Protein chains: 2
Amino acid sequence: MRGYGQFCSVAQALEVLGERWTLLVVRELIEGSSRFNELLRGVPLMSRTLLSQRLKTLESCGVVERRKGEGGAPEYHLTEAGRDLQPIVSSIGIWGQRWAHRELTRDDLDPTLLMWDMQRRLDVDALPERRTVVQFWFRDMPASKNRFWLRLDKPDVELCLHNPGRDVDLKVETKCRTMVDVWMGHRELRAALRAREITLDGPRRLQRAFADWLLLSYFAPAGRAQAEAGRLSGRA
Amino acid sequence: MRGYGQFCSVAQALEVLGERWTLLVVRELIEGSSRFNELLRGVPLMSRTLLSQRLKTLESCGVVERRKGEGGAPEYHLTEAGRDLQPIVSSIGIWGQRWAHRELTRDDLDPTLLMWDMQRRLDVDALPERRTVVQFWFRDMPASKNRFWLRLDKPDVELCLHNPGRDVDLKVETKCRTMVDVWMGHRELRAALRAREITLDGPRRLQRAFADWLLLSYFAPAGRAQAEAGRLSGRA
DNA sequence: CGGTATCCCCCGCGATACTG
DNA sequence: CAGTATCGCGGGGGATACCG
């Protein structure tokens with residue numbers, strides 16, 4: 001992008017970070033994605049061409065390092081400069097929780113993205129000991145993308161878009177909107193379970209464990225604080 | 001701008017803040033500008049049309065409030081949501097000091113912008129008691145924009161682009177690049193004075209006071225820390 | 001899988017002129 | 001001073017095909 005023609009360090013930083021998508025790519029890297037297609041799944045509306053460009057720019061700016069991983073597959077990792085962006089991305093997210101929380105439209109409620117996010121935020125230690133398949137069913141989504149499966153095989157987690165062909169151990173049924181609200185910390189998971197807006201079907205043991213291994217978004221604590229403040233001030 | 005199609009609060013926030021120029025306008029508001037033309041002076045490469053658009057967007061997002069000031073002149077002020085952006089802008093600037101400090105090109109060294117920034121970061125209490133005119137002369141700039149005058153009339157400060165027609169009390173001669181380095185905290189003001197890369201001409205009293213009332217950029221402390229670290233690690 | 005190359009369209013933005 | 005209206009362009013980025 002053409003720069004800002006300013007010596008101010010905010011402007012200098014924004015010449016690197018300010019372009020469309022860039023900070024979301026950084027967010028994905030912070031969250032632990034490192035392969036090209038992994039990154040792409042985290043920003044599904046971004047074209048591969050554009051992701052490629054942005055990664056190149058970030059590399060030349062010293063924010064990202066491209067290196068060969070195991071098997072020679074390319075991987076992208078944050079440099080020290082990139083890791084230093086973590087508090088910035090984090091505070092932007094917290095600000096967004098508080099002030100940019102517009103009503104989510106249908107377009108924002110992408111269940112695939114939600115599942116992708118969830119899949120990498122599981123408490124592996126709290127997972128069931130045995131191989132387990134959990135099915136999610138989002139009633140408010142078109143049939144083409146309303147069913148997902150998590151194959152939990154400690155410590156591995158795999159997200160499947162089609163039935164993995166094993167018996168399902170636990171079924172989770174809810175609306176995508178509800179699950180997103182919970183994920184973002186705007187609703188309590190246990191409250192939604194009690195209200196039966198999220199229903200579980202399977203052995204009691206797996207039902208009870210569910211709320212333990214399903215971690216929420218990094219921003220859920222801020223969302224909860226926000227919801228709480230709203231309730232106290234009567235805006236809830 | 002078209003959004004990101006994500007429920008993530010970072011994406012939501014960036015839909016509001018992520019467009020080109022937006023955070024620089026917020027920076028100007030944080031620094032205390034409130035009139036349309038004041039804001040424009042802080043982002044000289046932005047067109048009035050675009051500034052107008054951005055202000056409207058920020059207003060509709062609840063970051064900026066437009067109201068009538070004294071005399072009915074419109075003023076723009078940050079709302080609480082806008083003020084909450086201060087730590088974000090600040091940490092972006094500090095990151096930029098550390099990691100995005102590319103070599104400044106001629107285009108980045110706008111002396112008018114530098115003077116505009118300086119003029120609103122003076123320690124009014126430390127100013128001389130009497131009305132004083134300080135002239136700046138940047139040897140490395142074309143004649144059309146290498147002289148500026150500050151009219152200091154406690155507690156008022158006025159930046160003049162043409163000789164205000166009073167005798168000059170103190171003359172400051174240097175290069176714009178040097179002054180920017182000092183302003184950003186990459187060089188010590190007193191060191192630059194000692195090295196006679198900034199020279200003063202005028203009464204001893206005014207010369208001595210100069211370094212007291214000339215505050216530096218908010219990011220100068222971070223710049224100094226950075227320069228110090230570089231020196232210690234031998235990269236100075 | 002992990003990208004590049006190419007074409008093409010659209011809209012973000014600057015320039016200019018005008019208004020209250 | 002504080003903007004709005006209008007027009008026209010350039011390049012950012014999407015779509016598609018291709019490659020190692």
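Predicted model, so just to flag it, every value in this text is computed and none were measured. Letters go in sequence order (proteins before strands), and every chain restarts at 1.
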Spacing of [X] atom [atom1] relative to [N] atom [atom2], expressed in whole Å:
X	N	atom1	atom2	value
B:Leu51	C:dG12	CG	C1'	15 Å
B:Arg2	C:dC11	CZ	P	9 Å
A:Leu50	C:dC7	CG	P	20 Å
A:Glu70	C:dG2	CD	P	12 Å
B:Tyr4	D:dG14	OH	P	11 Å
B:Trp21	C:dG12	CH2	C1'	14 Å
A:Glu19	D:dG13	CD	P	7 Å
A:Gln53	D:dG13	CD	C1'	8 Å

Listing, residues 133-141 of chain A side-chain donor-acceptor contacts under 3.5 Å, not counting sequence neighbours, or none:
{"residue": "A:Asp140", "atom": "OD1", "partner": "A:Cys176", "partner atom": "N", "Å": "2.7"}
{"residue": "A:Asp140", "atom": "OD2", "partner": "A:Cys176", "partner atom": "N", "Å": "3.3"}
{"residue": "A:Asp140", "atom": "OD2", "partner": "A:Arg177", "partner atom": "N", "Å": "3.4"}

Closest heavy-atom pair and its distance - A:Trp116, A:Ser33: CZ2-OG, 4.2 Å
Closest of C:dG3, D:dG14, C:dT4 to the A:Pro74 side chain is C:dG3
With sequence neighbours excluded, residues passing side-chain hydrogen bond (donor to acceptor under 3.5 Å, both in side chains) with A:Asp181: none
Go through the structure and list residues passing side-chain hydrogen bond (donor to acceptor under 3.5 Å, both in side chains) with A:Asp153, not counting sequence neighbours. A:Arg131
Going by number, which of residues 22-49 of chain A have a non-hydrogen atom under 4.0 Å from DNA chain D? A:Ser47, A:Thr49
Bend angle of the helix from C:dC1-D:dG20 to C:dG20-D:dC1 from five-pair axes at both ends, rounded to 10°? 50°
Test side chain to side chain contact (heavy atoms under 4.5 Å, CB included) applied to A:Ala81 - qualifying residues, sequence neighbours left out: A:Thr79, B:Trp95, B:Trp99
Establish, from distance only, whether the side-chain atoms of B:His186 and B:Gln226 form a donor-acceptor pair under 3.5 Å. no
Qualifying salt bridge (charged side-chain N to carboxylate O under 4.0 Å, His left out) pairs with a residue from residues 69-91 of chain B, counting only residues at least two apart or across chains: A:Arg98-B:Glu80, A:Arg98-B:Asp84
Applied to residues 111-121 of chain B, the salt bridge (charged side-chain N to carboxylate O under 4.0 Å, His left out) test, sequence neighbours excluded, yields B:Glu28-B:Arg120, B:Asp117-B:Arg120
For C:dG3, does either OP1 or OP2 sit under 4.0 Å from a side-chain N or O belonging to A:Lys56? no
Check whether any side-chain nitrogen or oxygen of A:Arg20 sits under 4.0 Å from OP1 or OP2 of D:dG11, and answer yes or no. no
Side chain to side chain donor-acceptor pair (under 3.5 Å) partners of residues 43-61 of chain A, not counting sequence neighbours, each pair once: A:Thr22-A:Arg54
